[in-house]
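Worth knowing before you read on, the calculation uses all heavy atoms, side chains too, and leaves out hydrogens, waters and symmetry mates. Each chain gets a letter, A, B and so on, in the order the sequences are listed, and its residues count up from 1.
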2 protein chains.
Amino acid sequence: MTARELARMLGVSQSAVSRAFTPGASIAPELREKIVRFAENVDYHPNAIASMLSKSRTNIVGIVISDMQNPFYPALIEQLSRALQRIGLQSLMFNVTRGTDLEEQLSALRRYNVDAVIIISATILSGPTLQWATDGRAAILINRVAEDTELSCVICNNAEGARAIADHFHAIGRRRVAYVAGLSHTTTNRERQNAFITRVAEHGMTLSALIDGNEYSYYAGRSAALDILARGETDAIFFANDILAAGGLDALRESGVRVPEDIAVAGFDDISMAAWPHYDLTTFRQPIDTIVDVAVTMLENGSCAPGQPPVIRRISGELIKRGSTGITRE
Amino acid sequence: MTARELARMLGVSQSAVSRAFTPGASIAPELREKIVRFAENVDYHPNAIASMLSKSRTNIVGIVISDMQNPFYPALIEQLSRALQRIGLQSLMFNVTRGTDLEEQLSALRRYNVDAVIIISATILSGPTLQWATDGRAAILINRVAEDTELSCVICNNAEGARAIADHFHAIGRRRVAYVAGLSHTTTNRERQNAFITRVAEHGMTLSALIDGNEYSYYAGRSAALDILARGETDAIFFANDILAAGGLDALRESGVRVPEDIAVAGFDDISMAAWPHYDLTTFRQPIDTIVDVAVTMLENGSCAPGQPPVIRRISGELIKRGSTGITRE
DNA sequence: ATGAAAGCGCTAACAG
DNA sequence: CTGTTAGCGCTTTCAT
C-alpha cells in the first residue's frame, strides 16, 4: 500500500497523503483527519526508506559499541537508545571488535547515511579511524576524548572523581594507597590515574602500588589485588572501575583481608552491582542520565554537526560512600 | 558523490557503476576494476538508502529488547549483532519498556521496513501485539515462545535444564527443595517451574517452598532466599535465573547459612558472574553461541519468512556443576 | 557486456 | 490549502 494508491482511492493528490502524515504541514485538518482515518483502515504506513531518500535524513543514529561485558555500557546504551527513541530516532548498532575488520564495519556506518554517530567504545578505535568513520556527519564520543580529532565528546569528569577518591582515602586515614588501571592507555584510565596520583602526592600519601590490569574485568581486578597484597604495605586501593573493584574485593576477602578494616576499596562508575550488600562498594558515580541528556541535546541543537567546532562537555559525578571504605583509621 | 556523477566522470553509464558494486553482476572485470578503483579515489560509496528503496530490501534487522539489567541479555545481543554483521546485516534497536507506548514503538518497527525482526524481550509483549508488530515480515522469538502466534522461536530447553537441576539436587542428597520464580507468568519461568516441580515429585522429594520474586533481579533473589530461610526446612534452592541466584546466595551467606553445606543453590543461564569464585554457582548453561547460530541460520534460509509455518527450535543446554552444590549429603 | 529508461515511495518546490 | 511536477540515488528490465 503506497501513498499514491491511497490517494487514488480517496480521490486526492499523493502530496495530500504525504502532508497528512507530516506534522505541521499545511493541510486542512478535515482532510488530514479523513486521510489518516482511511489509512488506518487499509493499513497504510508511510515508507520510512522512501522518506529517507527524498529528505536525505534517516532519523537513525549509529551507535558504535565494543564492550558489553562491563555492565556500565549496557546501562548506558539502554538509556541512550530510549532517549533517542523519545525524540523519534532509532539506534543502529555497530559492534566493533578487535577481531573483526574495522574498516569494513565502519564503511557500513557510512553507507547507511545515519544522521549522527555516537561512539561508546572506549578502546580500539584510533583518532584517525574515528575521524574517517564519522567524516561529514554529526558525531559524539561518549566516555572518551579524542585529542587528535575534531569530534565532540561528553565525558565524565574523571579527574574530579579520582581526586574525590584520593581525598576520601585521606579523610579516612589511609596513607599507603594503590591504583589499579584498566587498560592503561585509554583516556579514561589516564585521566583517573594521573589525577589520583597527583592528589595522593599532594596529600603526602604514599603510592604503594600501581598496577595495570590490562583489561577492565573482574579477573584482572582479582589478580591486581593479589599482587598488591603480596607486596604488603597498602591500606587502600582505587580500582579504575567497579568491575575491577568487584574482583579485587572478592580476592582480598578470600585471602582473609578485612575490607575496609585492613584495606579500603573504591571503584568508579557506580554500576548497580556496587550497591549490592555483598560489595557495598564506595565509588564515583557517573551520572548516566545527565550524560545521555547532554548527548541528546547536542544532537538536537546541532552543536555536534559536521561544520561545528568540537565541544567537550565534562559531566560532574558524585562520590558514593559505602561500606568498602566505611572505617576511619587512627 | 553519486553513481551518476561518477559515471559521467568515467564516461560510462550509471548502470555500470551500479554493477561494479553488485557482486555477481554481469560486468567485465576490467571495467569493474576501473570503476572501483576510481570510486576509491573520489571517495564514492553507494548510498544504502537508495539501494533499499529500489531493492525493497534493507539489510537491517530489528532487534526488540527490553531488559539490559540481566547480564544474559547484553551478552546475547552482543553475539547476535556480531553474527548478523558477519552476514552483512545491521541491527536496529527497538527498546520497549512498560512505560513507553508500545504501539508507538512497534509502529516504527514497521515503517522502517526491516527485513526481519528478532525479539529478545521475554516479557511485556503479548502474542497479538507480537503478531501485529511483525506482520508480513520474517520474525524470530529468542528465549520465549508465543503459543498463540505464528512466530518461529529459538529457545533453550528449559524443561531439560530444570530437570537436570532437580536430578542434581537429588543426586547430592537434597530432599527438601525450593523454587524461586522470576516473573511467574513468563514462558521461560513456567517451563522451568513446571518441569522442576514435576521432577522433584518424581524423585519423591519435597517442594518446601515456591516463591514468586516478581522480577528477575538480584534483590528479588535476596528476599526470596530470606523468606525461604524463615520457613526453615529447605536444603536446596533452584532460582529461575542466575541473577536471582546471586542475590539469594549472598543473602543466605550473610544470614550465616553455609552454602552448599546447609543449603545448596542453583541458577539458570550461566552468566559470566556465575563462574566468579565468590558465587561459584551451579547453573544450567544456555548456549548463546548455538542460539545465535540457529537464529541466524533461520534468517538466512528463510525458514522464518512470513508465509512459512512457524518452527520452534529447542536448544539443549548443559548443567554446569560448581561449588554452590558442591557437597553431597548422607 | 553495456547503455537507456522506467521505476522504488516519498518530499518539496512551484503554481494556482 | 491543494495539486502538479521534479527529483532523492540506486536497481533492473530491456534492447543493443
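- Of the candidate nucleotides dG3(D), dC10(C), dT13(D), dC10(C) has the atom nearest to the side chain of Arg4(A).
- Rounded to an integer number of Å, the gap from Ile27(B) CD1 to dT12(D) P is 14 Å.
- Here Ser15(A) does not reach the OP1 or OP2 of dG3(D): none of its side-chain N or O atoms lies under 4.0 Å away.
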*When you look at Tyr216(B) and Phe72(B), which way does the ring-ring contact (aromatic ring centres under 6.0 Å, His included) test go after all the steps?*
CA-CA 11 Å; Tyr216(B) 287 103; Phe72(B) 177 73; over 10 Å; no
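- Considering only side-chain atoms of Ser51(A), the nucleotide from dC14(D), dA1(C), dC10(C) that sits closest is dC10(C).
- Contact annotation for Ile49(A): no contact, since no heavy-atom pair falls under 4.0 Å across all strands.
- Comparing atom distances between the Thr2(B) side chain and each of dG9(C), dT2(D), dG9(D) picks out dG9(D) as nearest.
- Residues Ser56(B) and Ser13(B) both approach DNA chain C. Their nearest nucleotides, taken by heavy-atom distance, put Ser13(B) toward the 5′ side.
- More than 12 heavy atoms of other shown residues, nucleotides or ligands fall within 6.0 angstrom of atom CZ in Arg144(B).
- Comparing Lys55(B) and Pro29(B) along DNA chain C, the residue whose closest nucleotide (by nearest heavy atom) sits nearer the 5' end is Pro29(B).
- Projected onto DNA chain D by closest heavy-atom contact, Arg19(B) and Asn47(B) fall at different nucleotides, the more 5' of which corresponds to Asn47(B).
- Within a 6.0 Å radius of CZ in Arg313(A), no more than 12 heavy atoms belonging to other residues, nucleotides or ligands are found.
- You'll find that the side chain of Ala28(B) is closest to dA1(C), out of dG9(C), dA1(C), dG9(D).
- With dT11(C), dG9(C), dG3(C) as the candidates, the nucleotide lying closest to the side chain of Ser18(A) is dT11(C).
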